[in-house]
2 protein chains.
Amino acid sequence: MNDRTAASQAERKRGEGAKFVYDILRDDIIDLVLPPGSPIDEVQLAERLSMSRTPIREALVRLAGEGLVTTLPNRSTVVSNIDFLNLHTFFDALTLMYRVTTRLAAEFRSDEDLEIIRARQAAFSRAVEAHDALAMIATNRDFHAAIAEAGRNPYYTGLFCRLLDEGRRILRIYYSSFGDHLPRRYVEEHEDMIAAIEARDVAGADRLARAHADQIVRQIQDMIARDRRQPIAL
Amino acid sequence: MNDRTAASQAERKRGEGAKFVYDILRDDIIDLVLPPGSPIDEVQLAERLSMSRTPIREALVRLAGEGLVTTLPNRSTVVSNIDFLNLHTFFDALTLMYRVTTRLAAEFRSDEDLEIIRARQAAFSRAVEAHDALAMIATNRDFHAAIAEAGRNPYYTGLFCRLLDEGRRILRIYYSSFGDHLPRRYVEEHEDMIAAIEARDVAGADRLARAHADQIVRQIQDMIARDRRQPIAL
DNA sequence: GTTGAATTTCTTGTCGACAAATAAAATACA
DNA sequence: TGTATTTTATTTGTCGACAAGAAATTCAAC
């Protein structure tokens, strides 16, 4: 799978076995190392990570709770499909969470929050400069997650992070079609959002977040319309 | 605990052991049969339900994923506290979900959805007539959950149901202070919402949902202000 | 009587094994 | 040759047991 598997040989503390395999599976699912539909074999995973099936099952239960894997009763558990037929519900929720979290960030952010957000934006900017599409997707997610954290509403951050992760999966499918000019626009939009959050301009933050969300949704829809590899589902 | 425990003697099908104990624990937590802070002993539960610890642990992992229980590493797992200090984040998210789901229901509802919603409203009305506060709380939750289902956005319904369940816990703490006149107002508000959903009046549904949410939030806040038993936390 | 260390107890996290349920393969039959 | 049925095989769900960690208790020293 990946090189982190080597770390499994190192002795792990008691109690973090499940978290260990959870993190590995989660990252691999979001990065599409495990594409939708991939079966997950408990026994195979167990011997690869040199641990019992018990912590692996616990990780799978948690992943199922977040909707990242689907458990067929008495049969295999597979990586959840991306529901292309109902993407509009995803876009709708994503847009709303963009707006709400950015609004709240403008209202409740502390100076430390602002620092973290700026650091995340710097990482995103570097990824854009380097034309590294994969890093762009990841750092963009971290940027907005930091804004959500500044809003200090765990209900929103929870749903938003789930949506952002799902968005990473979708974007990763089409990452080859990323151009060079559009992302730079995102950098500028991010800067505007930071300015609004710093100025505690709630209305402005909402307007920018909405525009930003529309922008991203439109780009994903364009990519899907342009790329007709799997028109129905994966 | 309750009489459902007796059903544990009946033979269960393979694979639904975890769901069985999950449902029991979930209901008991939401109904405050297990109040916040209650420790959950795996071994005790295992022998009471006459099953192994494995399915019980799976249920606990799922409950932890939904935030209903908190697992202290290497120590006991307890029923999660109600965070009275940050109730405003709960009210904020609840209000937003009320609005969004009702809007979407007005937009996408089918005739079958409307039937289900009406049935739930009838149950709520009966509970109000019977002055059964506990049934009121439960049927009110089901009514709004049905509206959310009609909106057909699983991201919203997921968060909303979590919020409604948490609201049930909060309301149940103060259910003794329920009067007789206020709930009747809720019945009428529900009827108005149904009418707006039937007429596909999105703007009206939004307005009614917002007013309804404000109403409920205000009542809970009044109850908390009036009842000073546990001013800080439970 | 109080404080601190050692011991015991109790609960959890992990393991290996077994049995049920399903999928796959092999066989029988038309 | 194609289809139905039995057999095999694989994978999951469950179990009992054991060991690591933390809390509670005991014991000792001052």
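Convention: sequence-line order gives letters A, B, ...; per-chain numbering from 1.
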Peer 1: Using the closest heavy atom to pick a nucleotide of DNA chain C for each, name whichever of R53(A) or R53(B) lands nearer the 5' end.
Peer 2: R53(B)
Peer 1: I need the CG-C1' distance between L49(B) and dT14(D), as an integer number of Å.
Peer 2: 14 Å
Peer 1: Take atom CZ of F20(A) and atom P of dT14(C), then tell me their distance rounded to the nearest Å.
Peer 2: 12 Å
Peer 1: Between N140(B) and H190(B), do the side chains contain an N or O donor and an N or O acceptor separated by less than 3.5 Å?
Peer 2: yes
Peer 1: Closest approach to the side chain of M51(B), judged atom by atom: which nucleotide of dT12(D), dC15(D), dC15(C) is it?
Peer 2: dC15(D)
Peer 1: Measure CD/E47(B) against C1'/dC15(D) and give the value in whole Å, please.
Peer 2: 15 Å
Peer 1: Within the 4.5 Å heavy-atom criterion, are P73(A) and R14(B) side-chain neighbours or not?
Peer 2: no
Peer 1: Okay, side chain of R162(B), backbone of F160(B): is any donor-acceptor separation there less than 3.5 Å?
Peer 2: no
Peer 1: Are a donor atom and an acceptor atom from the side chains of D142(B) and T139(B) found within less than 3.5 Å of each other?
Peer 2: no
Peer 1: Of the options dC15(D), dT12(D), dG16(C), whose atoms approach the side-chain atoms of S52(A) most closely?
Peer 2: dG16(C)
Peer 1: Would you mind reading off the distance between D41(B) atom CG and dA23(D) atom C1', rounded to a whole angstrom?
Peer 2: 14 Å
Peer 1: Report yes if the side chains of S76(A) and I40(A) come closer than 4.5 Å at any heavy-atom pair, otherwise no.
Peer 2: no
Peer 1: Can you confirm whether the side chains of D113(B) and S110(B) place a donor and an acceptor under 3.5 Å from each other?
Peer 2: yes
Peer 1: Base, sugar-phosphate, or nothing: which does E42(B) touch, judged by heavy atoms less than 4.0 Å apart?
Peer 2: sugar-phosphate
Peer 1: Can you tell me the distance, in whole Å, between the CD1 atom of I56(A) and the P atom of dT11(D)?
Peer 2: 14 Å
Peer 1: Side chain to side chain donor-acceptor pair (under 3.5 Å), that's the test. Do E16(A) and Y22(A) meet it? Break it down for me.
Peer 2: CA-CA 10 Å; E16(A) 60 187 28; Y22(A) 169 83; over 6 Å; no
Peer 1: If you look at every strand shown and take non-hydrogen atoms under 4.0 Å, does I40(B) touch a base, only sugar-phosphate, or nothing?
Peer 2: sugar-phosphate
Peer 1: Rounded to whole Å, please give me the gap between CG in L45(B) and C1' in dT12(C).
Peer 2: 14 Å
Peer 1: Which residues in residues 64-76 of chain A have at least one heavy atom lying under 4.0 Å from any atom of DNA chain C?
Peer 2: N74(A), R75(A)
Peer 1: Find the distance Q44(A):CD to dT10(D):C1' and express it as a whole number of Å.
Peer 2: 13 Å
Peer 1: From the list dA20(C), dT11(D), dG16(C), which nucleotide is the closest neighbour of the side chain of R14(B)?
Peer 2: dA20(C)
